[in-house]
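Written below as structure tokens is the structure these notes are about.
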Amino acid sequence: MPQKLARITPPTELLEESSKSSMAEKVLLILETIAQSEFPLTLETISTSTGLAKPTAFRLLNTLVAQGFIERDPNGRRFQPSAKLRIMGINILSVDSIRSQRVAVMKRLVEEIGETCNFNILDGNKVMYLDRVETSAPIRLHVDLGMRVPLHCTASGKLFLSGMTELQVQRALGDEPFETYTPNTITSYKKLIPELEKIRNDGYALDESAFLEGFIGIAVPVMNSKQKTFATITAHGPAPRMQEKSIDFYIKPLKRAAKDIQSSLSETSN
């Protein structure tokens, strides 16, 4: 009579390691789902998107909230990235191997158009200047890296807003009137919403002395793998000097630079 095979039980440490690995994968899946969403997500949406049971998703979400990686929206029913998670993303974009390629592209751009260029990201309800290459022209605008500027009156800010729904725009900006910086600042939704529609159609955004008197900014999107704007490339300079040239003189090089940066980021992630 053939001998029965004994049931093999994995060592306790292997079971524990497998459990930890499985849990880590679930946490990362939740973080990826929330980070890629354009708006805060409910528990039900996260559970459906990740394939996790609601009790499991709820327990892991509470852990991530407690650790400061995500936060609840003002109503407490949805989950969104926290400042801590956004800072982690900013730090990744600032890694030398990634940043050096981006800055090299920007240097070529500045040489071509003769104006200062910035690489900007959305940080909460502000625009953050992450990288900057200055022109050698005598008159230029100085902006510190890490500076955060408003959404409603900057070229990059309006470009980010143009990718949002009206509800998301209202959540980002709050009540009107918006803060006034110059006589050209848009301070109401009535004027801003049509402006955002124009930006969506044009594929670029303009700031014509709306944030700083006498300076013009032009921004184009840097897209992610889902064709969503995750950053912008902006050129800005004194209005009299920039108005000497056509808009295409700036837009075409800016869009080429944006594509080059997209390609460099894709290569780095592979």
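The first residue in the sequence is number 1, and the count goes up from there.
- Between Glu213 and Pro183, the shortest heavy-atom distance links the atoms OE1-CD, 3.3 Å.
- Side-chain N or O atoms of Ser47 include none that pairs as donor or acceptor with a backbone N or O of Leu43 at under 3.5 Å.
- Here CD1 of Ile113 is found 9.5 Å from NZ of Lys245. Values are rounded to the nearest 0.5 Å.
- Cluster membership check: Leu29 does not share its hydrophobic cluster with Val27, using side-chain heavy-atom separations under 4.5 Å among Ile, Leu, Val, Met, Phe, Trp and Tyr.
- Taking CG from Leu31 and OG1 from Thr50, the interatomic distance works out to 11.5 Å, rounded to the nearest 0.5 Å.
- Looking at residues two or more places apart in sequence or on another chain, you find a side chain to side chain donor-acceptor pair (under 3.5 Å) between Glu179 and Tyr181.
- Side chain of Asp123 to backbone of Lys126: no donor-acceptor contact under 3.5 angstrom is found.
- Listed by first and then second residue, the side chain to side chain donor-acceptor pair (under 3.5 Å) pairs involving residues 182-192 amount to none (not counting sequence neighbours).
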* Asked: Would Leu192 and Leu173 satisfy side chain to side chain contact (heavy atoms under 4.5 Å, CB included), going step by step from the backbone distance to the final call?
  -> CA-CA 11 Å; Leu192 180 63; Leu173 298 182; 3.4 Å; yes
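- In this structure, CD1 on Ile46 lies 4.5 Å from CG on Leu61, to the nearest 0.5 angstrom.
- Contacts classified as salt bridge (charged side-chain N to carboxylate O under 4.0 Å, His left out) and involving residues 158-170 (residues at least two apart or in different chains) are given here: Lys158-Glu195.
- Residues Leu109 and Met223 do not share a hydrophobic cluster, clusters being chains of Ile/Leu/Val/Met/Phe/Trp/Tyr side chains in contact below 4.5 Å.
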* Does the pair Leu151 and Leu122 meet the rule for a side chain to side chain contact (heavy atoms under 4.5 Å, CB included), with working shown? -> CA-CA 9 Å; Leu151 292 172; Leu122 184 63; 3.6 Å; yes
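- Contact annotation: the side chain of Leu64 never approaches that of Ile34 to less than 4.5 Å [non-hydrogen atoms, C-beta and beyond].
- Residues satisfying the side chain to side chain donor-acceptor pair (under 3.5 Å) criterion with Glu112, sequence neighbours excluded, are Arg256.
- In this structure, the side chains of Pro40 and Arg77 stay at 4.5 Å or more apart for every pair of heavy atoms.
- From Ile186, atom CD1 reaches atom CD of Glu176 across 12.0 Å, with rounding to the nearest 0.5 Å.
- Here the closest heavy-atom approach between residue Ala155 and residue Ala205 is recorded as O-CB, 3.2 Å.
- Residues Leu60 and Met23 come closest through the heavy atom pair CD2-SD, 3.4 Å.
- The environment of CG in Asp175 is sparse: at most 12 heavy-atom neighbours from other residues, nucleotides or ligands sit within 6.0 Å.
- Residues satisfying the side-chain contact (heavy atoms from CB on, under 4.5 Å) test with Asp260, not counting sequence neighbours, are Val105, Arg108.
- With hydrogens and angles disregarded, a donor-acceptor distance shorter than 3.5 Å links the side chain of Ser209 to the backbone of Gly214.
- Legend: ring-ring contact (aromatic ring centres under 6.0 Å, His included) pairs involving residues 50-89, not counting sequence neighbours: none detected.
- Residues passing the side-chain contact (heavy atoms from CB on, under 4.5 Å) test with Asn120 are Asn118, Val127, Tyr129, Ser156, Thr232, Thr234, sequence neighbours excluded.
- Under the side chain to side chain donor-acceptor pair (under 3.5 Å) criterion, the residue pairs touching residues 51-65 are Asn62-Arg72, with sequence neighbours excluded.
- Residues passing the side-chain contact (heavy atoms from CB on, under 4.5 Å) test with Ser162 are Leu159, Leu196, Ile199, Arg200, sequence neighbours excluded.
- Looking at Thr135, its side chain does come within 3.5 Å of a backbone N or O of Gly114 through a donor-acceptor pair.
- Using modelled atom types, one side-chain atom of Lys84 and one backbone atom of Gln67 make a donor-acceptor pair closer than 3.5 Å.
- In this structure, CZ in Phe119 is found 8.0 Å from CE in Met106, a value given to the nearest 0.5 Å.
- For the pair Thr42 and Arg78, the minimum side-chain heavy-atom distance is below 4.5 Å.
- Within the 4.5 Å cutoff, no side-chain heavy atoms of Tyr204 are placed close to those of Leu254.
- With sequence neighbours excluded, the residues forming a side chain to side chain donor-acceptor pair (under 3.5 Å) with Gln80 are Glu71, listed by chain and number.
- The side chain to side chain donor-acceptor pair (under 3.5 Å) search around Asn125 returns none, not counting sequence neighbours.
- Nearest heavy-atom pair, Gly174 versus Phe178, reported as atom, atom and distance to 0.1 Å: O-CE2, 4.1 Å.
- No side-chain heavy atom of Ile218 sits less than 4.5 Å from a side-chain heavy atom of Glu115.
- Ser82 contributes a side-chain N or O that, together with a main-chain N or O of Gly68, makes up a donor-acceptor pair within less than 3.5 Å.
- Shortest non-hydrogen contact noted between Ala258 and Pro221 is CB-O, 3.4 Å.
- The CD atom of Gln168 sits 13.5 Å away from atom CZ of Phe160, with the distance rounded to the nearest 0.5 Å.
- Remark: Leu28 engages no residue in a side-chain contact (heavy atoms from CB on, under 4.5 Å) (not counting sequence neighbours).
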* Go through the steps to decide whether Asp207 and His236 satisfy the test side chain to side chain contact (heavy atoms under 4.5 Å, CB included), and finish with yes or no. => CA-CA 9 Å; Asp207 160 20; His236 59 70; over 6 Å; no
